[in-house]
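Structure incoming, see below.
Here is the naming used below: chain letters follow the sequence lines, and residue numbers restart at 1 for every chain.
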There are 2 protein chains.
Amino acid sequence: MKLAFLGPRGTNSEEAAICMKNIYKTDMELIAYNTIYDAIWAVAKGNVDYCLVPVENSIEGSIRITLDTLAHDVDLKIEAELVWSVHNQLLAKDTDVPIHTIISHAQPLAQCREYLKTHYPNAKTEAVASTARAAEKVSQLGDGYAAIATKSAGTLYNLKLVDSDIQDVEDNFTRFILLTKKVNEKRLSTPQNIMLICQIDGRAGSLYELLGDFAKRKVNMTRIESRPARTGLGEYIFFIEIDIDVEAQILEEAISSATKKCFWLKNLGAFPVFRGNAN
Amino acid sequence: MKLAFLGPRGTNSEEAAICMKNIYKTDMELIAYNTIYDAIWAVAKGNVDYCLVPVENSIEGSIRITLDTLAHDVDLKIEAELVWSVHNQLLAKDTDVPIHTIISHAQPLAQCREYLKTHYPNAKTEAVASTARAAEKVSQLGDGYAAIATKSAGTLYNLKLVDSDIQDVEDNFTRFILLTKKVNEKRLSTPQNIMLICQIDGRAGSLYELLGDFAKRKVNMTRIESRPARTGLGEYIFFIEIDIDVEAQILEEAISSATKKCFWLKNLGAFPVFRGNAN
């Protein structure tokens, strides 16, 4: 069994993939891909059985490439969700040298915006492809560079801890989803969420009517996210997540009624939610 | 009069700021800031009268730093909107050399994702702070580098056009908003849109009820965008834009009724919409 994740080694994505493998208690080969897009496509093409990709962070919001690829390019199902607790560490070759440049992935840079503004108001920031790449780069550069990365990347690249848990909000979670072509029913524990993707027309009240299919049946929508439909300014696709804790028949009716109001609707399925942590 | 924009020179933001100045037909000094965050704060602190910052792109979606700063940090009003037509140009020192690395801001890199995958499947991409910085960097590096930037950046840094209008969707617009502390009523032409920011509770049906205040009165919501409230996973702030084309009293009732359903609601005001183009 093969599982794709966003490489390189030492990222939150790798730590989460190891956690997922432990949850499944099966023999899984973890394969690093350069981009989220490539990891998702590896499943769609049948090169791997699963991919575990981030879909939302509690501070910075949705991971757009994941949403856009699911909406426009592939037809995959969600088998599980992993809510991963993120710890952003500030790492450098030396802890005594003033820091002039801070390197990381764009997401952790954004997650630590206030911290950086307060503690390093004059430091420049530089976005690179991953937190692990940031740690590697800092290990290769001269003095005064620091990376925001995981502890495992610090160990991998021999960096010292300057400051720990520097994210602006203490609770920093990233939700990962396990995608596959066909959900293995045997492996599935009790599902908790459903994710739907749909496009509706832009007339007044369309979204209201769509949400009514759920609200009137007391189906709890836990998240709604809009993305450009890529067909023109003002045209949107909606990502809707709902809590599955209602009678199956009522849920089915709600989705069936909503489907009739949409140009198209993709149901990515019902899935259980796990929690994980590196520390 | 002073207007802040996202520098450096040669970016879409500068081209749009010049366009805005021409629309206003007033003597405006354009001042470049390093980040959108700094440009917005320059207005809040009273260092400049206005800032013109991007709020949404038709392909890549919302500009998160703009939304988050408006929601959490400052209390500004929108005096006008400028819908800017974006043309992404592929620029290099030489048009005959194979390209191994493509540099740009993260937004245009995302806007041209499909093009790059098709035409430069093996090229690496590198995200820098602005399209103008990408053009500058390419002008300083060896062969095989290309930038996605504006024509004016190409002229500024003496680069040649490899390919033009390489964005994935022909119609690529960025919406800019002109922010100020207090709207100049004299300058205001007929308003078309209103922007509201609010936070509601997470119980089933909350958003549905909020949208009902508008839908039941036939007030057209043209856009809804959610962002994490930064208070915890599953808690969101909503950005709602509505079409002002209804009776003033009905609109007032709708907003007043919506306000009662929210923890808090900010009304950024009603504003006219202009259109602009560099070509």
* For residues Tyr208(B) and Lys216(A), determine if any side-chain heavy atom of one lies less than 4.5 Å from a side-chain heavy atom of the other. => yes
* To do: Flag yes if more than 12 heavy atoms outside Asp245(A) fall under 6.0 Å of its CG atom; otherwise flag no.
  => no
* Below 4.5 Å from any heavy atom of chain B, which atoms of Asp243(A) appear? Answer side chain, backbone, both or neither. => neither
* Are the side chains of Arg64(B) and Arg64(A) in touch, meaning some heavy atoms are under 4.5 Å apart? -> yes
* What's the spacing between Asp38(A) CG and Lys117(B) NZ if we round to 0.5 Å? -> 6.0 Å
* Asked: If you measure from OH on Tyr236(B) to CD1 on Ile224(A), what distance do you get to the nearest 0.5 Å?
  -> 11.0 Å
* Using non-hydrogen atoms and a 4.5 Å limit, figure out which bit of Glu60(A) sits close to chain B: side chain, backbone, both or neither. => both
* **Other residues, nucleotides, ligands: >12 heavy atoms within 6.0 Å of Glu253(A) CD** => yes
* Which atoms of Ala106(A) approach chain B - backbone, side chain, both or neither, heavy atom under 4.5 Å -> neither
* Heavy-atom distance under 4.5 Å to chain A: side chain of Asp168(B), backbone, both or neither? -> side chain
* Asked: Can you say whether Glu114(A) sits under 4.5 Å from chain B via the side chain, the backbone, both, or neither, judging by heavy atoms?
  -> side chain
* Structure fact -> So, the part of Phe214(B) with a heavy atom under 4.5 Å from chain A: the answer is neither
* Asked: Is Asn34(A) atom CG crowded by more than 12 heavy atoms from other residues, nucleotides or ligands, each under 6.0 Å away?
  -> no
* Is the number of heavy atoms from other residues, nucleotides or ligands under 6.0 Å of Glu252(B) CD greater than 12? -> no
* List the atom of Pro228(A), the atom of Ser58(B), and the distance in Å for their closest heavy-atom pair. => CB-O, 3.2 Å
* Asked: chain B heavy atoms under 4.5 Å from Ser62(A): which part of the residue, side chain, backbone, both or neither?
  -> both
* Looking at CG of Asp68(B) and CZ of Arg113(A), how far apart are the two atoms once the value is rounded to the nearest 0.5 Å? -> 5.5 Å
* To do: Decide side chain to side chain contact (heavy atoms under 4.5 Å, CB included) for Val128(B) and Glu126(A); before the verdict, give the C-alpha distance in whole Å, the side-chain angles of both, and the deciding distance to 0.1 Å.
  => CA-CA 7 Å; Val128(B) 292; Glu126(A) 190 185 324; over 6 Å; no
* Report the distance from atom CG of Asn220(B) to atom OG of Ser206(A), rounding to the nearest 0.5 Å. => 8.5 Å
* Can you tell which part of Arg227(B) gets under 4.5 Å to a heavy atom of chain A, answering side chain, backbone, both or neither? => side chain
